[in-house]
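Inspection log for the structure reproduced underneath, given as structure tokens.
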Amino acid sequence: MLPIIYIATLISVQFYGIFEWSMMQFILFGIVGELFLVGYWMSGRKILASKRQRELEKMKAFDL
């Protein structure tokens with residue numbers, strides 16, 4: 001959801017002329033921003049997976 005909002009904001013800023021960016025700068029900001037958001041999402045997924053694994057190990061320990 002956040003990458004869609006980011007791209008929509010970039011397009012609206014370019015459309016309304018709030019910042020005067022060349023097309024190359026616009027594309028660069030889009031790619032760099034998306035890479036940042038995807039990297040942040042991937043690190044969050046990795047943290048979530050480790051939390052799930054720890055919880056599963058706790059459940060297995062109580063089962064024994």
Side-chain angles (χ1 to χ4, degrees):
M1 183 69 184
L2 205 54
I4 295 170
I5 294 170
Y6 176 73
I7 292 295
T9 303
L10 276 180
I11 291 171
S12 64
V13 164
Q14 183 71 16
F15 180 73
Y16 290 116
I18 296 172
F19 295 112
E20 294 298 325
W21 292 331
S22 68
M23 188 54 74
M24 185 59 83
Q25 287 175 319
F26 178 72
I27 292 171
L28 183 66
F29 284 137
I31 291 172
V32 169
E34 288 291 323
L35 287 175
F36 173 75
L37 290 172
V38 168
Y40 192 67
W41 176 78
M42 287 174 63
S43 70
R45 297 302 299 174
K46 192 179 291 185
I47 290 170
L48 181 65
S50 68
K51 285 182 180 180
R52 284 183 179 168
Q53 185 64 33
R54 281 194 309 252
E55 186 65 29
L56 185 61
E57 289 170 1
K58 283 182 191 177
M59 290 170 61
K60 285 181 180 179
F62 285 125
D63 247 357
L64 298 176

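For the single chain, residues carry numbers from 1 onward in sequence order. Every value quoted in this text rests on a predicted model; they were computed, and no experiment measured them.
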| said: If I take atom CD1 from residue I27 and atom CD from residue Q14, how far apart are they, to the nearest 0.5 angstrom? | reply: 10.0 Å
| field | Linked, directly or transitively: V32 and L37 (ILVMFWY side chains, under 4.5 Å) | value | no
| From CZ (F29) to OG1 (T9), nearest 0.5 Å | 14.0 Å
| Between E20 and Q25, what is the shortest heavy-atom contact and its length? | O-OE1, 4.2 Å
| Within-4.5 Å side-chain heavy-atom neighbours: M59 and D63 | no
| message | So which atom in L10 and which in F26 form the shortest heavy-atom distance, rounded to 0.1 Å? | response | O-CE1, 3.4 Å
| Do I18 and Y6 share a hydrophobic cluster (ILVMFWY, side-chain heavy atoms under 4.5 Å, transitive)? | yes
| field | Same apolar cluster: I31 and I11, side chain cutoff 4.5 Å | value | yes
| Do F15 and I7 share a hydrophobic cluster, counting only Ile, Leu, Val, Met, Phe, Trp and Tyr and linking them when any side-chain heavy atoms are less than 4.5 Å apart? | yes
| request: Verify the neighbour count for atom CD1 of I4: are there more than 12 heavy atoms of other residues, nucleotides or ligands below 6.0 Å? | output: no
| task | Evaluate the side-chain proximity of V13 to W21: yes if any heavy-atom separation is below 4.5 Å, no if none is. | result | yes
| CH2/W41 to CG/L2 distance, rounded to the nearest 0.5 angstrom? | 13.0 Å
